[in-house]
K.L.:
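Here it is: the structure, laid out below.
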Amino acid sequence: MADSSKKMQIVFASAECAPFVKTGGLGDVAGSLPAALVRAGAEVIVMVPKYATIKDEYKSQMEHFSDFYVSLGWRNEYCGLEKLEHDGVTYMFIDNERYFARDYPYGFFDDGERFAFFSKAITESLQHLPAGFECDILHCNDWQTALAPVFLREFYQGLPLYDRVKTVFSIHNVAFQGQFSDTVMEDILGVAHIPAAASQLRCDACSINYMLGALRYADAITTVSPTYANEIQTPEFGEGLDGVLRERSYALQGILNGIDVAGFDPATDKRIAANYTVEDRSGKAVCKAKLQEELGLEVRDDRPLMVMVTRLTRQKGMDLVMYALDRILSGGVQVAVLGTGDRDYEDGLRYFQDKYPGTMAARIEFDPALSQRMYAAADMCLMPSKFEPCGLSQIIAMRYGTLPIVRETGGLKDTVIPYNEFTGEGTGFSFSNFNGDEMGDAVFRAARLFWDNRDAWNQLVTQAMSQDFSWTRSADKYLDLYFFMHPEIERPAAVTDEPATVAEKAAAEPEAEAKPAAKPAAKKATTRKTTTKKATTTKAATTKTAAAKTTAAKATTTRKRTTAAAKKATAAKKTTATKSTTAKAAPKAAAKSAAKVEETPAESKAEATVEAKPAAKTTTRKHATTTAKKTTTKAAAPKAEAKVEAKPAAAKEGPKAEVKAKPEPAKETPVSPAAPAAEKAPSKKTSVRKATATRKRR
């Protein structure tokens, strides 16, 4: 029985979290997702190390909540919990100056020890949380927290407080796994004497892998886009962990990241030269002119401006950029790049800036304010990544009306719809292979549209800016997972979206038929639209009315001949027949009969479904069948005949012979053209007379 009074209580652990400390996308996720979960009705505590680099304005707001000691191998290390409320979310900062009072979060010789302590402190902290907070979900992120599920299982299992805790591990980039010498297994982790743990952490003869431990111990695994979830199960993208990811594929799913739509809003952003909206984009032209002037580019609105805001590494596709940049710049496309990284790429960009003054600008620095001005000013944003778990630049670019040009990988493939010149759909441009010529071709496809068809270009910009990449949608997907792992907790009514996987299981299980309630409603709406379109191709109102009456008469005749079990529902059947007869048009009658299947008794469902077919498209038939299946479960009719498929002749439960024979005249006949409907009219009248005669005799 679900507990309606209890809220889902989540501990979200991350090595970085905006706005306190951030080096990449993980900081953005940890800074935005917990707040979205709180808005959806969950209770969340975020655990982050108390780094020395956190601004004093935040440190001054922290209050000392608790302190205790954490055993780490042969050590006992101090751990303080510093509490801070920020934007409705509770943050607990793990305080240990020996490990975290440093100038930068990562990159030290003892990172293996530092983040083993962080993982152990997280699990130990679960018994030192505020009163009334009992952790249901421990959500860990990347290798820095990967040992928490291991410690939870090996050292805390069996304790009442920990028995209810389910663990979720999120992979933000599988390339960073936390590999260290196996000497830490005893000296730091203290698990060398536990054969199961020792074997599952080991990745080779002399090394252990923190992420590998989480993949084997966590109850559920997520990553930051559906395509990336599939890619990391292959040797090409799995970075050596593809085998274990394939083994645990049943527990793995990809949930797309969102962005802070309030923070990234061209209508209100104070960091850009002029504000604009999707309806009035005049401010974007101002932003473009100002940026061209700032970067020393020619101030021209007839040349497309393409930007890159990125780390200068091979993973981000810089090999392709170096290969194709000569062609792009000489072809009339302005390029501006912001970022730091490998020295070879930095020098290469400076070379092109000198070779193409006024067309190329390179800023080898880290400047968040400039990045915003670039997103707002540009026409195109280039992201030719070799792999990309999710990517935020392309999402931010679309938010600002800048069309992304991406390689079809990971989250780039999931977020950017490639432009289709025939239908006009799309939100950007893409190419498939990690190839410089393909990338160059994609750039010039975009540039030619900018030059040759500005109306199509502007429509594409409108579509890109209209996309929904809010964290609300992503938070719903995470809540789907959390509530699936804790079915005894009732989900808040405000959150209605169900994931595809859970919905499918709900459809198959009778006790869960209420879960996907939102989806059949959507299907009914589609059916009505399809039926309305059908009306434009069918005959005049007279023919439609005759068809409706014939349908009603057939349904009545068939119901009369069914077994004694149908007598209980005679009143309901007559009501249905009367409603069908008074329908003005065949499409409406078909839609009604499809809807009425839910109210008719089990035995008449097959006939009602078959009779509705001539007046509706395949979509209507599919919906009627689906509705019949679901209603069969709901109605709890004690008859075996209830389980009848769309085709009565193929019913699994072996319905009676007469039920098989009767729908023969209307068997799977998609009466879409007008002519066949006219040809069948005489036989329909005959059916009406026969039905009347039968009733009189009885």
Side-chain angles (χ1 to χ4, degrees), residues 12-16 23-30 33 105-107 111-112 115-116 118-119 139-150 167-180 200-204 207-257 310-311 313-317 341 383-394 406-415 434 474 477-478 481:
F12 191 92
S14 172
E16 57 184 82
T23 65
L26 173 59
D28 288 315
V29 173
L33 176 56
Y106 322 121
D111 276 359
F115 291 105
F118 182 44
S119 294
H139 191 149
C140 302
N141 296 270
D142 270 356
W143 73 266
Q144 296 91 348
T145 60
L147 289 177
V150 181
T167 52
V168 178
F169 180 70
S170 289
I171 304 168
H172 296 265
N173 191 335
V174 78
F176 302 102
Q177 302 173 5
Q179 294 189 22
F180 302 96
Q200 291 186 89
L201 284 168
R202 186 176 295 281
C203 59
D204 60 38
S207 304
I208 65 168
N209 185 316
Y210 285 12
M211 185 178 284
L212 181 62
L215 297 183
R216 286 179 165 154
Y217 276 82
D219 296 306
I221 306 165
T222 72
T223 189
V224 290
S225 71
T227 297
Y228 191 61
N230 293 327
E231 288 177 344
I232 60 177
Q233 296 179 57
T234 66
E236 183 182 359
F237 294 97
E239 300 287 343
L241 295 180
D242 54 289
V244 69
L245 286 164
R246 286 195 300 274
E247 285 173 21
R248 300 218 63 205
S249 60
Y250 63 89
L252 171 65
Q253 66 171 301
I255 300 174
L256 205 60
N257 281 344
T310 182
R311 292 198 317 273
T313 63
R314 187 169 190 270
Q315 184 230 313
K316 295 297 183 180
M383 288 189 73
S385 302
K386 185 173 178 62
F387 65 91
E388 194 67 59
C390 178
L392 294 178
S393 289
Q394 83 281 9
V406 302
R407 190 172 96 79
E408 294 172 4
T409 183
L412 302 179
K413 183 176 181 179
D414 292 328
T415 53
F434 193 68
S474 303
K477 295 291 186 184
Y478 281 107
L481 176 61

K.L.:
Would a distance-only check, ignoring hydrogens and angles, find a side-chain to backbone donor-acceptor pair under 3.5 Å from Gln179 to Ser207?
P.N.:
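No, the answer is negative, given that no donor and acceptor are paired below the 3.5 Å cut-off.
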K.L.:
Does Gln144 reach the main-chain N or O of Ser14 with its side chain, forming a donor-acceptor pair under 3.5 Å?
P.N.:
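Not at all, since once roles are kept as given, no pair shorter than 3.5 Å links the two residues.
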K.L.:
CD of Glu16 to CG of Asp28: how many Å apart, nearest 0.5 Å?
P.N.:
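One finds 8.5 Å between CD of Glu16 and CG of Asp28.
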K.L.:
On a heavy-atom basis, which atom in Gln315 and which in Glu388 lie closest, and how many Å separate them?
P.N.:
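So the two residues come closest at NE2-OE1, 3.9 Å.
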K.L.:
Show your working on side-chain contact (heavy atoms from CB on, under 4.5 Å) between Asn141 and Phe12 and close with a plain yes or no.
P.N.:
CA-CA 8 Å; Asn141 296 270; Phe12 191 92; 3.4 Å; yes
K.L.:
Measure the spacing between CG of Asn257 and CG of Asp414 and express it to the nearest 0.5 Å.
P.N.:
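Going from the CG atom of Asn257 to the CG atom of Asp414 covers 11.0 Å.
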K.L.:
Looking at every heavy atom in both Leu241 and Met211, which two are closest together, and how far apart are they?
P.N.:
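That closest heavy-atom pairing would be CD1-SD, 3.8 Å.
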K.L.:
What I'd like to find out is whether the side chain of Ser393 reaches to under 4.5 Å of the side chain of Met383, using heavy atoms alone.
P.N.:
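Answer yes - side chains close enough.
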K.L.:
Compare every heavy atom of Arg216 with every heavy atom of Arg202, then report the nearest pair and how far apart it is.
P.N.:
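So the minimum-distance heavy-atom pair works out to O-NH1, 4.4 Å.
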K.L.:
Quick check against the 3.5 Å criterion: does Ser119 have a side-chain atom that pairs as donor or acceptor with the backbone of Ala116?
P.N.:
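Flag not set: sc Ser119 to bb Ala116 has no pair under 3.5 Å.
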K.L.:
Measure the CD-OH distance between Gln200 and Tyr217 for me, rounded to the nearest 0.5 Å.
P.N.:
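Going from the CD atom of Gln200 to the OH atom of Tyr217 covers 4.5 Å.
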K.L.:
Measure across Phe176 and Trp143 and return the closest heavy-atom pair with its distance rounded to 0.1 Å.
P.N.:
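Heavy atoms of Phe176 and Trp143 come nearest at O-CD1, 3.5 Å.
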K.L.:
When rounded to the nearest 0.5 angstrom, what is the spacing between CG in Leu215 and CD1 in Ile232?
P.N.:
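Leu215 CG to Ile232 CD1: 8.0 Å, rounded to 0.5 Å.
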K.L.:
Output, in order, the C-alpha distance, side-chain angles, deciding distance and verdict of side-chain contact (heavy atoms from CB on, under 4.5 Å) for Leu201 and Leu147.
P.N.:
CA-CA 9 Å; Leu201 284 168; Leu147 289 177; 3.9 Å; yes
K.L.:
Quick one: ring pair (Phe, Tyr, Trp, His ring centres under 6.0 Å) pairs with a partner in residues 224-251, sequence neighbours left out?
P.N.:
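For residues 224-251: none.
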K.L.:
Does Arg248 use its side chain to pair, donor to acceptor, with the backbone of Ala218 at less than 3.5 Å?
P.N.:
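Checking the backbone N and O of Ala218 against the side chain of Arg248, a donor-acceptor pair under 3.5 Å is found.
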K.L.:
Taking all non-hydrogen atoms of both residues, which atom of Ala175 and which atom of Phe387 are closest, and how far apart?
P.N.:
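Heavy atoms only, the tightest pair is CB-CZ, 4.4 Å.
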K.L.:
Walk me through it: do Ile171 and Leu245 pass the test side-chain contact (heavy atoms from CB on, under 4.5 Å)?
P.N.:
CA-CA 11 Å; Ile171 304 168; Leu245 286 164; 4.1 Å; yes
K.L.:
A side-chain contact here means heavy atoms from C-beta on lying under 4.5 Å apart; do Cys390 and Leu256 qualify?
P.N.:
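Yes, at least one pair of side-chain atoms sits under 4.5 Å.
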K.L.:
With a 4.5 Å heavy-atom cut-off, do His139 and Ser170 have their side chains touching?
P.N.:
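His139 reaches Ser170 side chain to side chain.
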K.L.:
Would you find a donor on one side and an acceptor on the other, under 3.5 Å apart, between the side chain of Thr145 and the backbone of Cys140?
P.N.:
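No: the side chain of Thr145 does not pair with the backbone of Cys140.
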K.L.:
Which residues satisfy the side chain to side chain donor-acceptor pair (under 3.5 Å) test with Ser474, sequence neighbours excluded?
P.N.:
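Ser474 satisfies side chain to side chain donor-acceptor pair (under 3.5 Å) with no other residue.
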K.L.:
Would you say Arg311's side chain and Gly341's backbone share a donor-acceptor pair under 3.5 angstrom?
P.N.:
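No, Arg311 side chain to Gly341 backbone: no donor-acceptor pair under 3.5 Å.
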K.L.:
Which pair of non-hydrogen atoms, one from Thr222 and one from Tyr478, has the smallest distance, and what is that distance?
P.N.:
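Scanning both residues, the minimum pair turns out to be OG1-CE2, 3.9 Å.
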K.L.:
Return the OG to CD1 distance between Ser249 and Ile221, rounded to the nearest 0.5 Å.
P.N.:
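Nearest 0.5 Å value for the OG-CD1 distance: 9.5 Å.
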K.L.:
Evaluate the criterion side-chain contact (heavy atoms from CB on, under 4.5 Å) for residue pair Phe115 and Tyr106; output intermediate values, then yes/no.
P.N.:
CA-CA 10 Å; Phe115 291 105; Tyr106 322 121; 3.7 Å; yes
K.L.:
Could you pull out all residues at least two apart from Asp142 that satisfy side chain to side chain donor-acceptor pair (under 3.5 Å)?
P.N.:
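Scan of Asp142 (side chain to side chain donor-acceptor pair (under 3.5 Å), adjacent residues dropped) gives none.
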K.L.:
If we ignore hydrogens and angles and just use 3.5 Å, is the side chain of Gln177 paired with the main-chain N or O of Asn209 as donor and acceptor?
P.N.:
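Between the backbone of Asn209 and the side chain of Gln177 there is no qualifying donor-acceptor contact (under 3.5 Å).
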K.L.:
Which distance, rounded to the nearest 0.5 Å, do you find between the CG of Leu481 and the CG of Asp219?
P.N.:
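The CG atom of Leu481 sits 9.5 Å away from the CG atom of Asp219.
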